[in-house]
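To keep things clear, I will list the structure first and then write my remarks on it.
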Amino acid sequence: MLDLFADAEPWQEPLAPGAVILRRFALPRAAALLTGIDEVAAVSPFRHMVTPGGYTMSVAMTNCGQLGWATNERGYLYAPNDPTTGRPWPPMPDTFQRLCHEAAVAAGYADFKPDACLINRYAFGAKLSLHQDKDEPDLRAPIVSVSLGLPAVFQFGGLRRNDPLKRLMLEHGDVVVWGGESRLFYHGIQPLKPGVHPQTGAFRFNLTFRQAAYGE
Ligand code: SIN
Ligand code: FE2
């Protein structure tokens with residue numbers, strides 16, 4: 001069958017000042033990224049973290065890199081060790097680092113050096129309520145966010161929680177990069193619709209690359 005999109009070049013959609021969607025940017029590397037997720041999860045398994053308020057998150061999470069994002073009774077933190085295993089988070093696979101670097105360059109953040117990669121896994125109904133990524137001390141670094149598997153509706157607002165929201169479908173291979181003026185913009189993911197994706201089955205995965213330590 002003729003697939004008109006099989007060889008399509010990725011394209012860019014401006015989202016906000018400092019923010020852009022790189023449509024299908026990760027598509028050629030999707031299989032390798034999914035293998036990387038499996039390898040990370042074999043060491044540090046997906047788990048449902050509990051917020052300081054006692055709420056069990058619907059999104060399952062794990063991390064790779066020098067630092068990983070986690071919750072505890074007092075709040076959110078980045079730490080070198082996985083609290084579940086007591087061992088360091090697994091290193092960031094080379095495929096992750098390369099993809100992230102190329103996306104950052106394409107979005108105009110060539111200096112971005114992530115030291116943390118949060119891996120989110122969404123099943124039917126899982127969501128991420130509107131929030132800011134603000135646990136990182138150095139806000140000069142952007143966020144690079146890679147979508148794999150089932151599509152999901154991404155909300156992207158402004159600096160205030162009640163600023164108007166854009167709603168965009170993120171699909172397999174899409175990469176969103178935000179930094180600069182939009183680094184602290186509110187965003188979230190609406191509840192995942194049921195479905196089956198040829199490469200991820202009933203799931204959506206998201207890789208969120210961040211600089212979690214203060215840079216030079
Ligand atoms: C996040 O906001 O940390 C994740 C967004 C996504 O899953 O696309
Ligand atoms: Fe976020």
Side-chain angles (χ1 to χ4, degrees), residues 13 15-16 18-27 30 33-34 37 40-41 46-49 51 55 57-65 67-71 75-78 89 96 99-100 103 107 112 114-139 141-161 163 165-180 182-193 195 197 200 202-212:
E13 290 173 15
L15 180 60
V20 64
I21 309 182
L22 310 174
R23 294 286 187 190
R24 313 300 186 265
F25 191 89
L27 204 49
L33 296 172
L34 290 167
I37 293 174
V40 169
F46 282 101
R47 79 292 306 263
H48 293 271
M49 297 185 189
T51 66
Y55 167 80
M57 300 182 78
S58 59
V59 178
M61 298 176 170
T62 185
N63 289 275
C64 58
L67 293 168
W69 185 89
T71 61
Y76 307 111
L77 72 162
Y78 283 99
W89 294 107
F96 284 30
L99 189 274
C100 178
F112 181 44
D115 53 17
C117 177
L118 172 66
I119 308 176
N120 294 314
R121 187 185 69 191
Y122 298 74
F124 170 42
K127 66 177 167 76
L128 208 53
S129 308
L130 212 56
H131 67 278
Q132 295 169 293
D133 287 11
K134 59 174 185 188
D135 301 320
E136 303 73 31
D138 193 339
L139 296 172
I143 303 287
V144 173
S145 174
V146 180
S147 292
L148 295 166
L150 288 178
V153 178
F154 182 59
Q155 305 171 312
F156 200 76
L159 276 178
R160 285 162 307 198
R161 183 176 283 281
D163 281 337
L165 296 173
K166 288 184 179 163
R167 288 186 177 78
L168 307 122
M169 191 67 93
L170 294 182
E171 293 186 52
H172 186 56
D174 288 350
V175 180
V176 186
V177 183
W178 65 97
S182 55
R183 175 61 181 74
L184 287 176
F185 279 17
Y186 276 89
H187 59 279
I189 291 284
Q190 290 183 191
L192 195 79
K193 298 247 167 68
H197 188 275
T200 65
F203 296 113
R204 169 181 188 263
F205 294 94
N206 166 260
L207 310 176
T208 298
F209 294 93
R210 301 176 177 136
Q211 181 190 313

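We count ligands from 1, going down the list as the structure has it; atoms in each ligand are counted the same way.
Once rounded to the nearest 0.5 Å, the distance linking SG of Cys64 with CZ of Phe209 reads 6.5 Å.
Looking only at N/O/S atoms, Asp133 comes nearest to the Fe ion (ligand 2) through OD1.
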Exercise for the section: Apply the test salt bridge (charged side-chain N to carboxylate O under 4.0 Å, His left out) to residues Arg24 and Glu171: give CA-CA distance (whole Å), side-chain angles for both, the deciding distance (0.1 Å), then the verdict. Expected result: CA-CA 8 Å; Arg24 313 300 186 265; Glu171 293 186 52; 3.6 Å; yes
Practice task
Please test Arg183 against Glu136 for salt bridge (charged side-chain N to carboxylate O under 4.0 Å, His left out), starting from the C-alpha separation and ending with a verdict.
Solution key: CA-CA 11 Å; Arg183 175 61 181 74; Glu136 303 73 31; 2.9 Å; yes
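Any N or O atom pair closer than 3.5 Å counts here, and Arg204 shares at least one such pair with ligand 1. Residue Trp178 places no N or O, backbone or side chain, under 3.5 Å from any N or O of ligand 1. In terms of N/O distances under 3.5 Å, ligand 1 is approached by His131.
Here the Fe ion (ligand 2) is the vertex; the NE2 atom in His187 and the NE2 atom in His131 give an angle of 90° (to 10°).
With hydrogens left out, the protein atom closest to atom 7 (O) of ligand 1 is Tyr122 OH, 2.6 Å, a heavy atom. Of the protein's heavy atoms, Asn206 OD1, 3.4 Å lies nearest to atom 4 (C) of ligand 1.
Side-chain N or O atoms of Asn63 include one that pairs as donor or acceptor with a backbone N or O of Trp69 at under 3.5 Å. Checked by atom type and distance alone, the side chain of Asp115 pairs as donor or acceptor with a backbone atom of Ala212 at under 3.5 Å. Within the 3.5 Å criterion, the main-chain N or O of Gly195 finds no donor-acceptor partner in the side chain of His197.
Under a 4.0 Å criterion applied to the non-hydrogen atoms of Leu128, ligand 1 contributes the atoms 1 (C), 2 (O), 3 (O), 4 (C). Of all the atoms in ligand 1, the ones that sit under 4.0 Å from a non-hydrogen atom of Asn120 are 3 (O), 4 (C). In summary, the atoms of ligand 1 found under 4.0 Å from a heavy atom of Ile189, numbered by their order in the structure, are 5 (C), 6 (C), 7 (O), 8 (O).
Using a 4.0 Å cut-off between heavy atoms, Val176 makes no contact with ligand 1 at all.
Taking 4.0 Å as the cut-off, Arg210 counts as a neighbour of ligand 1 on heavy-atom distance.
Counting heavy atoms from C-beta on, the side chains of Leu170 and Arg204 come closer than 4.5 Å.
In this structure, Phe156 and Trp178 have perpendicular ring planes: the angle between them is above 60°, well past the 30° mark.
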